[in-house]
Amino acid sequence: MPIVSVIEAVRDTIRSEMKQNPSVFILGEDIGARGGVFLATDGFVELFGPERVIDTPLAESSICGIAIGSAVNGMRPIAEIQFADFVWPAVNQIVGEASKIRYGTYGKKICPMTIRIPYGGGVRGGLYHSQSIEVIFSHTPGLKVVAPATAYDASGLLRSAIRDDDPVIFLEHKKTYRLVKGEVPSDDYTIPLGKAEIKREGEDLTVITYGLMLHYVLQSAVECEKLGISVEVVDLRTLRPIDRETIVKSVSKTGRALIVQEDTAAVSISSEVSAIISEECFFDLDAPIMRLTPLEIPPMPFSPIQESEYLPSKQKITSAVSKLSSI
Amino acid sequence: MTNELNKSRLKKMFRTMLISRALDERVWILNRQGKAAIAASAQGHEASQVACIEALDPSLDHFLIYYRQFTVTLALGTTPEEQLRTFLAKDGEIMSGARQFPLHGSHPRVDLFSFSNVVGTQLPQAVGVALADKMRDSNAVTVVFFGDGAASQGDCHEAMNFASIHSLPVIFFCENNGYAISVPLSKQMAVENISSRAAGYGMPGVLVDGTDIFDVFEATSEAANRARRGEGPTLIESTVERLLPHTTDDDHSKYRRKDDIEGLSRMDPLPITAEKLVSINVLSKSDIQMMEKEAKLIVDDATEKIGNEPYPGVETMLLHSDLEF
Ligand SMILES: Cc1ncc(C[n+]2csc(CCOP(=O)(O)OP(=O)(O)O)c2C)c(N)n1
């Protein structure tokens, strides 16, 4: 199986979906000749032409509004928001509008669109190229939210997202784009939306995470093994609908749960996971639920020392695991 | 401000352009050396920016800028050292405490409004700044800078509409360099000029050659006078070329034709301005050479000094946050 990076997996998957289905088209800023600022659509305008690879004006509300219109009228648009930090002008269209189409029309209309959004930090992006924005969308009934961490998951989940009949917010962590590589089959596989995956089996403690943090958690788990702590790692992969079953099964087994995320803590994915565990695993817990998140300040300082202090790291995860396992 | 561009003002303007260029070139080198994480360049925009500021009053007026405004910040009176420090994110960075990208934040001496990286958000905010002035009978003018790309945002339309309804003292100063990263003007709008949109809002729209300091100065002075007389906003479109790629992360040979890139130097405002100033006997060729040397020296000194400074440590991280203690 070929080894590819996350960005290559994304690129190959969009290309193959566009080849297979003429209703799939892409729109966004600089996705044409430039190939996207992260090169997710490099070479596409030459391959598919400017009718299916639309370089839009700099206007996110219209990018998403136009995607909605064309989706409801039978196309399968993939909109690219250049950076998560710039999605805010489009929140009206996504949260306010796209999410309500199927429910609000009593099922007469559907909105099969995918919005790809590079997000996350650790790339010296400062306050406006580092944000985690998943919560706004994960809170919204009618949307699906996907946040893969590996090349294999990115490809299989993106294929499912494009083929799904509902609006899907597809979050790609910028730092994983080139850093993270893995085997990706060249066949047409899909991974179902809404299913978490156990990325490492363990007995003593469950760490629940997603996105870039998965990789730090997995590195820490190796370290913890040497310290005699067996860590099970749950990669959420889809943030809405969240996979309660996998979380509950794992935490019921280990009796201890640590949630690690790059986003700030208040009213976040970790709050939701924590609530699920309290609701369903109360009598199985051997220790309080623990969360490892950044400080509650705007993400994240541009200056390098402060940026690394801000983010959870392998070391911080290992010490949180040690602490939790000793309670 | 009088509306006379005398010799000493012209000299000062040209000096600012030279320092801006020297600093700009330096931050690109520092980026390639791995010392500056990112830079957007003002190269090509210097004449437009310096002449616009010269027509205004930094001690009274308000300035909402965006990331390509190296020359504006210098013209307003920030120092080259302060500016360079924003690129290197070093301790003592005066704009945002090194929390933000270069030039972002605010300044203790100059009324630079905090600006976001989200393109277009500054436009309605500028209108609010002007509204506050009008409510308190201030004589200040608010200038908001934006690119041709930003002109596509809904915020731009909404801002111009409101400002004109309420005759607010705003100058909408668009630096049209023909590209929003890689997207050419023809894919951003079906009209040729942004200034022609002004008619739709009921305000004057003025098109100026952004390489001509006299042209830009005159148009901005007139817009400022109009605003101070209570007659409302003006849209100025200043046409320039972006001489370099969008930022240090970009490669414009992917989307600009080779001959187009090669022809860019013809629109370089530095030689254009130098030639003009020599022809009207404001400067001699040797003056210019001396001034260029001086600009390099200033930048060398700043680079050396800041290069050895530490990054801010973790102790200031929580200041001005919800967690401040
Ligand atoms: C809302 C938003 N969308 C996208 C971006 C990414 N981006 C940064 S600059 C830029 C192009 C801006 O072009 P223009 O306004 O013409 O200014 P220029 O850089 O040419 O001076 C884009 C798309 C952003 N910063 N904000």
Side-chain angles (χ1 to χ4, degrees), chain A residues 27-39 41-43 45 50 54-63 65 81-90 92-93 123-131 264-266 294-310, chain B residues 36-38 67 86 88-91 93 96-102 104-105 115-121 147-157 179-184 187-189 246-247 249-252 254-256 310-324:
Chain A
L27 73 167
E29 295 158 10
D30 303 288
I31 66 165
R34 179 73 177 73
V37 296
F38 295 102
L39 303 180
T41 55
D42 200 18
V45 73
I54 303 175
D55 254 339
T56 66
L58 199 170
E60 286 75 10
S61 178
S62 63
I63 292 173
I81 297 293
Q82 199 162 80
F83 284 85
D85 315 63
F86 311 141
V87 73
W88 307 120
N92 182 33
Q93 290 291 349
V123 294
R124 295 291 312 280
L127 303 192
Y128 289 102
H129 292 80
S130 306
Q131 293 172 25
T264 42
L295 293 165
E296 207 72 21
I297 60 175
M300 50 189 74
F302 178 52
S303 208
I305 296 172
Q306 296 193 350
E307 186 189 56
S308 28
E309 172 71 14
Y310 177 87
Chain B
I38 181 131
Y67 50 81
T86 71
L88 298 178
K90 290 301 185 76
D91 203 15
E93 194 271 272
S96 74
R99 289 171 178 177
Q100 294 226 50
F101 267 14
H104 288 59
F115 74 97
S116 158
N117 228 262
V118 188
V119 166
T121 50
D148 44 286
S152 295
Q153 284 284 26
D155 269 2
C156 180
H157 160 72
Y179 281 90
I181 307 188
S182 70
V183 183
K187 286 190 179 164
Q188 300 184 56
M189 56 195 72
H246 175 66
T247 63
D249 283 346
D250 186 30
D251 167 14
H252 63 182
K254 264 200 102 166
Y255 54 81
R256 292 189 89 153
Y311 291 113
V314 299
E315 56 298 337
T316 58
M317 256 175 101
L318 302 183
L319 294 179
H320 311 291
S321 77
D322 303 348
L323 303 176
E324 180 165 7

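Per chain, numbering begins at 1; letters A, B, ... match sequence-line order.
- Under the 6.0 Å cut-off for aromatic ring centres, A/H129 and B/F101 qualify, their centroids lying closer than that.
- A distance of 14.0 Å separates OH of B/Y67 from OH of A/Y128, quoted to the nearest 0.5 Å.
- Between B/D251 and A/R34, no side-chain nitrogen of the basic residue sits less than 4.0 Å from a carboxylate oxygen of the acidic one, so the salt-bridge criterion is not met.
- Per-residue counts of heavy-atom pairs under 4.5 Å with chain A were compared for B/D148, B/I38, B/V118; the largest is that of B/V118.
- Heavy atoms of A/I63 lying under 4.5 Å from chain B are absent altogether.
- By number of non-hydrogen pairs under 4.5 angstrom with chain A, the leading residue of B/V119, B/D322, B/L88 is B/V119.
- To the nearest 0.5 angstrom, A/E29 atom CD is 13.5 Å from B/K187 atom NZ.
- Interface check for chain A: of the options B/S321, B/G154, B/G149, B/G97, the most heavy-atom pairs under 4.5 Å are formed by B/G149.
- In this structure, the side chain of A/Q306 engages the main chain of B/G313 through a donor-acceptor pair within 3.5 Å.
- When heavy atoms are compared at a cutoff of 4.5 Å, A/Y310 approaches chain B by way of both its backbone and its side chain.
- One finds the CZ atom of A/F83 at 9.0 Å from the CG atom of B/N117 (value rounded to the nearest 0.5 Å).
- Looking at B/T86, only its backbone comes within 4.5 Å of chain A, counting heavy atoms on both sides.
- Ionic pairing of B/K254 and A/D30 is not present here: no N-O contact between side-chain nitrogen and carboxylate oxygen is shorter than 4.0 angstrom.
- Looking at A/T56, the atoms closer than 4.5 Å to chain B (heavy atoms on both sides) all sit in the backbone: N, CA, C or O.
- Panel note: side chain A/S303, backbone B/R99; no donor-acceptor pair is recorded below 3.5 Å.
- The contact between B/S116 and chain A is made by backbone and side chain atoms together, counting heavy-atom distances below 4.5 Å.
- With a threshold of 4.5 angstrom between heavy atoms, A/E60 approaches chain B through its backbone and through its side chain.
- Of the two parts of A/V37, only the side chain, counted from C-beta on, holds a non-hydrogen atom closer than 4.5 Å to a non-hydrogen atom of chain B.
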